[in-house]
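Notes follow once the structure below has been shown.
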Amino acid sequence: MVRPAARKKLRNPKLKVTRRRANNARKTRHAAHPLLREHWDPELTVSENYRKLGLVSRLNGVSGGTAFDVTAAASGGGEAAGPTIEPGMSEEEIKKAIPHGYGYIERDAEGNVVKVIVRDDEGISHDPLDSDYEVAPEAPKKEGARLLEQYALEYESRKETWISAGERRILQDFIDKHSDDYQAMFWDKQLNQQQLTARQIQKRIEAYLTEKAKALGPAPATR
């Protein structure tokens, strides 16, 4: 495949492609965070650099194309393919061993289904792209991730949430009609025209009540 510089030379034979110009065309231009540029290894791939920093390059996981250390797995040093369920385990132990999105089916000697066991938190969303998904705080395991978290804490600039007058009226209508029943607000087709989830409505109402309390000041003490 012809390089762009060589293709340009074919169109214009008088153009000189010197080593100085060729080297400039091959220079890697980093447009990422300065901490990433400092710890970036150009000899590694993007996924390998992210793994070295303690980050993930894909939120949805890896579907394939990753190497598997057969020697380490055979000697017992590699990671297990997944949690194993052994006979005699209690139901609680089985629930802890089951990965998210899976279940365990118990069958009798004839192959009929006796019981289906799923995790207790299976109804909770574990999709990072879901608006209701919340990640539990976890200490970074590698230096690159620790430096990025430290930078984010020092230079974090939170934008003040601003609620428009129209949204205030809708949220107040939610409160007047359903009080604090967020599931009823979610199913209200007349007021919930944006099809917000119950958790999204709750967050907006909490922000609205906080803003309202700041504007009106503390409530007078009653005897």
**OP:** Kindly indicate whether the side chain of E106, heavy atoms from C-beta on, has any atom under 4.5 Å from the side chain of V113.
**Re:** no
Original post:
Less than 4.5 Å apart, any side-chain heavy atom of V118 and any of K95?
Top reply: no
Subject >> Gap separating the CD1 atom of I170 from the CZ atom of R168, nearest 0.5 angstrom >> reply: 12.5 Å
Original post:
Got M185 and L196 here, is their nearest side-chain heavy-atom distance under 4.5 Å?
Top reply: no
Subject >> Side-chain heavy-atom pair Q194, Q200 within 4.5 angstrom cut-off >> reply: no
Original post:
Quick one: does F186's side chain get under 4.5 Å of D181's, heavy atoms only?
Top reply: no
Original post:
Any side-chain heavy atom of E91 within less than 4.5 Å of one from K115?
Top reply: yes
Subject >> Distance-only side-chain donor-acceptor flag, Q150 / R146, under 3.5 Å >> reply: yes
**OP:** Give, for atom CD of Q183 and atom CD1 of I201, the distance between the pair rounded to the nearest 0.5 Å.
**Re:** 9.0 Å
Original post:
Minimum heavy-atom separation for Y182 to A198, with atom names?
Top reply: O-CB, 3.8 Å
**OP:** State the CG-NZ distance between L209 and K214, to the nearest 0.5 angstrom.
**Re:** 12.5 Å
Original post:
Where do L171 and I205 come nearest, in terms of heavy atoms and distance?
Top reply: CD2-CG1, 3.8 Å
Original post:
What are the two closest non-hydrogen atoms of G54 and A145, and how far apart are they?
Top reply: O-CB, 4.0 Å
Original post:
Are any side-chain N or O atoms of T210 and backbone N or O atoms of E206, one a donor and one an acceptor, separated by less than 3.5 Å?
Top reply: yes
**OP:** Find the distance between CE (M89) and CD (E92) and round it off to the nearest 0.5 Å.
**Re:** 11.0 Å
Original post:
Would you say L148 and V46 are hydrophobically clustered, going by side-chain heavy atoms of ILVMFWY under 4.5 Å?
Top reply: yes
Original post:
Do L44 and L55 sit in the same hydrophobic cluster, where Ile, Leu, Val, Met, Phe, Trp and Tyr count as joined when their side-chain heavy atoms come under 4.5 Å apart?
Top reply: no
Original post:
Which value, rounded to the nearest 0.5 Å, describes the distance between T197 atom OG1 and K203 atom NZ?
Top reply: 8.0 Å
Original post:
Would a 4.5 Å heavy-atom cut-off, applied to side chains only, mark R107 and N112 as touching?
Top reply: no
**OP:** Mark yes or no for whether N49, through its side chain, and T45, through its backbone, hold a donor-acceptor pair below 3.5 Å.
**Re:** yes
Subject >> Test item: F174 and N192 side chains (from C-beta on) under 4.5 Å apart, heavy atoms >> reply: yes
Subject >> Gap separating the CG atom of D188 from the CG atom of L191, nearest 0.5 angstrom >> reply: 4.0 Å
**OP:** Taking all non-hydrogen atoms of both residues into account, name the closest pair between K52 and K142 and its distance.
**Re:** O-CD, 3.3 Å
**OP:** Using distance alone, with no hydrogens and no angle criterion, decide if Y208 and Q172 have a side-chain donor and acceptor under 3.5 Å apart.
**Re:** yes
